[in-house]
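The structure appears below as structure tokens.
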Amino acid sequence: MVLARPEVARPEATGTTTGATTGGPAAGRAAGARRTVTRLGLMAVPLAFFGVFFAYPVASIVTRGLTDGGRWQLARVGEVLTDPRVRDVLWFTLWQAAASTALTLLLALPGAYVFARFDFPGKRLLRAVVTVPFVLPTVVAGSAFLALVGRGGLLDELWGVRLDTTVWAILLAHVFFNYAVVVRTVGGLWAQLDPRQEEAARVLGAGRFAAWRRVTLPALGPAVAAAALMVFLFTFTSFGVVQILGGPRYATLEVEIYQQTAQLLDLPTAAVLTLLQFVVVAALLAVHARTVRRREATLRLVDASRTARRPRGAGQWALLASVLAVVALLVVLPLAVLVLRSFEGPDGYGLASYRALASAGAGGGTFTVAALDTIGNSLTYALAATAIAVVVGGLAAAALTRREGRLVRGFDALLMLPLGTSAVTVGFGFLIALDEPPLDLRTSWILVPLAQALVGVPFVVRTVLPVLRAVDTRLREAAAVLGASPLRAWREVDLPLVGRALGIAAGFAFAVSLGEFGATVFIARPDNPTLPVAVARLLGRPGELNYGQAMALSTILMLVCAAALLVLERVRTDRTGEF
């Protein structure tokens, strides 16, 4: 159903006036003060969360790395930044992230359109499948991708082509991971855009492409920019993919920070590289905030379930076929290789690896609990992290609905910093900073969900905010004229309209939390490991059985994620509300 655009009653016609009209400048200032107080109240919880569980731990480890006996070692900053190797690493990190983002947008935007506008059998299943790579630990998915492009892989066997240790393997693997980011973030808004606006442009003489470029593309601009920003930040901090597929030739800042911290124990160098990441990410967020702010506009949102239809004509069927081919080659095929390897064992194909997961002593003492018990741990942690991310991210998105002010822009940038910060830095920071009362959380189970929620909150904000800002302000004004309080207006107007976006955001937060590895590996207790941590431990031990168990556990992780996303697809509402 098309959302009505109710006309706000004119004061002279109804006798009803707003406070700003009847009270003059004083009433206007009072209304502005109330809006500021409301915004600050909404910001309070997200600011406290990020201050305690992000800024404080990161600042603690950076301070420890750059001080010696209470004295700052600032000379170390210049030494690291003038190192030619560091400059090479920074350059590669930047250009591979930019190339990965461009390639992901090129391949995934058609998919976003297909999932938003087309209705075809298996759509829900396929939408869940494309999200699965997002939860897999990078070391596992990188290994599966290596089976396609490396020595003895599918390309090597069929055509004698190897892409491992090349930048192309890294770029394609990044598309594999981030395809769902574009499909869900952009497709979520695209499905709610009123297609009749583009149809009206065509009636007025514009061609199909011109109508799309002048009407739909500007409306999608904020969502496309948000997706591009998230993809860039994830590829900018890429670790497992580069380490496995790039070999010794390529290293990102994240890889270098890990090597300096975990292998060389050089905290000063790692601290400088962390600060360098902050500078690059802050500059990127500043540019993003300025460009997106100019392109946001009020949109007409409609019921998403009414915009999808079966493809019509040869061109649309060809587009659907091409999208399905891309998904099959870049998403489904690596996952199929992963499943196939889970059945490989010392004695050939079978269920030996799966049977071994039920034993606590499997894997030569790798675990103090059965590997299968990690499934319950991961689900518990992920659900708690999702709840935290939705609450914190929802409040933050509500505070960011109005665009003006440096305070709002700075707050928006703060929310994205965890995506551009080394997970190694965050994990070590948790161990160093949260070890004294009243924040002695090292033995508490909540520490893991808190770390996972740091990554989930930006996804909630970036998914919900474009839709929330697209709500027609006249709907709120009409509710205010009818006597609704700001809280009731938000509950009755905004919440139903962004309900679908909240469902998508919750799915992203759950998926990210389920597969988070970088920080979790440092803070998860040995007797309560998560699925990604258990997989990494198995991969770190020699033997075919351990490798088979790692692939089997990864397959279980993939199936758990797919099942959760399918449930989400069924229970979330596709109705955006009607007024």
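Hydrogens, waters and symmetry mates are skipped; everything else that's a heavy atom, side chains included, is used.
For Phe177, the side-chain contact (heavy atoms from CB on, under 4.5 Å) partners at least two apart in sequence or on another chain are Thr138, Ala141, Val241. In terms of the ring pair (Phe, Tyr, Trp, His ring centres under 6.0 Å) criterion, Tyr381 has no residue partners (sequence neighbours excluded). In this structure, the side-chain hydrogen bond (donor to acceptor under 3.5 Å, both in side chains) partners of Thr520, at least two apart in sequence or on a different chain, are Glu516. Here Val182 pairs with Thr104, Leu105, Ala108, Leu109, Val186, Ala227, Val231 under the side-chain contact (heavy atoms from CB on, under 4.5 Å) rule; sequence neighbours left out. Not a single side-chain hydrogen bond (donor to acceptor under 3.5 Å, both in side chains) links Gln452 to another residue, sequence neighbours left out. With sequence neighbours excluded, the residues satisfying side-chain contact (heavy atoms from CB on, under 4.5 Å) with Ala451 are Phe430, Ala519, Ile523. When the side-chain hydrogen bond (donor to acceptor under 3.5 Å, both in side chains) test is applied to Ser353, no partner is found at least two apart in sequence or on another chain. Among residues two or more places apart in sequence or in another chain, the ring pair (Phe, Tyr, Trp, His ring centres under 6.0 Å) test is passed with Phe234 by Phe134, Phe459. Here Val337 pairs with Ala147, Leu148, Arg341 under the side-chain contact (heavy atoms from CB on, under 4.5 Å) rule; sequence neighbours left out. Residues passing the side-chain hydrogen bond (donor to acceptor under 3.5 Å, both in side chains) test with Thr237: none are found, sequence neighbours excluded.
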Validation: residues 321-332 side-chain donor-acceptor distances under 3.5 Å, sequence neighbours left out:
{"from": "Ser322", "atom 1": "OG", "to": "Ala318", "atom 2": "O", "distance (Å)": "3.4"}
{"from": "Ser322", "atom 1": "OG", "to": "Leu319", "atom 2": "O", "distance (Å)": "2.7"}

**Request:** Evaluate the criterion side-chain contact (heavy atoms from CB on, under 4.5 Å) for residue pair Leu90 and Val280; output intermediate values, then yes/no.
**Result:** CA-CA 10 Å; Leu90 175 61; Val280 176; 4.2 Å; yes
**Request:** Take Leu233 and Leu229, measure what side-chain contact (heavy atoms from CB on, under 4.5 Å) needs, and give me the verdict at the end.
**Result:** CA-CA 6 Å; Leu233 290 178; Leu229 177 65; 4.2 Å; yes
**Request:** Show your working on side-chain contact (heavy atoms from CB on, under 4.5 Å) between Phe232 and Val281 and close with a plain yes or no.
**Result:** CA-CA 10 Å; Phe232 185 92; Val281 171; over 6 Å; no
**Message:** Does Val130 form a side-chain contact (heavy atoms from CB on, under 4.5 Å) with Phe176? I'd like the steps, not just the answer.
**Reply:** CA-CA 9 Å; Val130 299; Phe176 167 73; over 6 Å; no
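Residues Thr185 and Trp190 are not in side-chain contact: their nearest non-hydrogen atoms beyond the backbone lie 4.5 Å or more apart. Using a 4.5 Å heavy-atom threshold, the side chains of Pro458 and Leu415 count as separate. Inter-residue side-chain proximity for Phe343 and Tyr354 is flagged as met; some heavy-atom pair is nearer than 4.5 Å. At a threshold of 4.5 Å between non-hydrogen side-chain atoms, the residues Leu357 and Ile556 count as touching. Side-chain contact between Phe115 and Phe120: present, with at least one pair of heavy atoms (C-beta onward) separated by less than 4.5 Å. When side chains are defined from C-beta on, Thr93 does not count as touching Tyr250, because their heavy atoms never get closer than 4.5 Å. Looking at heavy atoms from C-beta onward, Thr252 lies out of side-chain contact with Phe236 at the 4.5 angstrom threshold. For the pair Pro133 and Tyr179, the minimum side-chain heavy-atom distance is 4.5 Å or more.
For the residue pair Pro46 and Leu395, the shortest heavy atom distance occurs at CG-CB, 4.1 Å. In terms of heavy atoms, Ala173 sits closest to Leu245 at CB-CD1, 3.5 Å. The minimum heavy-atom distance linking Ala397 with Val464 is given by the pair CB-CG1, 4.1 Å. Contact detail for Ala99 and Leu171: the closest heavy-atom pair is CB-CD2, 4.0 Å. In terms of heavy-atom proximity, Ser554 sits nearest to Leu338 at CB-CD1, 4.0 Å. Minimum heavy-atom separation, Val460 to Ala505: CA-CB, 3.7 Å.
Atoms NE2 and CG, on His174 and Leu103 in that order, are 11.0 Å from each other to the nearest 0.5 Å. Distance check, rounded to the nearest 0.5 Å: CG of Leu465 to CG of Leu400 gives 5.5 Å. To the nearest 0.5 Å, atom OG1 of residue Thr131 and atom CZ of residue Arg127 are 8.5 Å apart. In this structure, the separation between CD1 on Ile170 and OG on Ser238 is 7.5 Å, given to the nearest 0.5 Å.
A distance-only check finds no donor-acceptor pair linking the side chain of Ser100 to the backbone of Ala97 [under 3.5 Å]. Between the side chain of Lys123 and the main chain of Val114, no donor-acceptor pair closer than 3.5 Å is present. Without hydrogens or angle criteria, Ser513 side chain to Ala385 main chain gives no donor-acceptor distance under 3.5 Å. The backbone N or O of Thr235 lies less than 3.5 Å from a partner atom in the side chain of Gln96, making a donor-acceptor pair.
At a cut-off of 3.5 Å, with distance as the only test, no side-chain donor of Thr463 or Arg184 sits close to an acceptor on the other residue.
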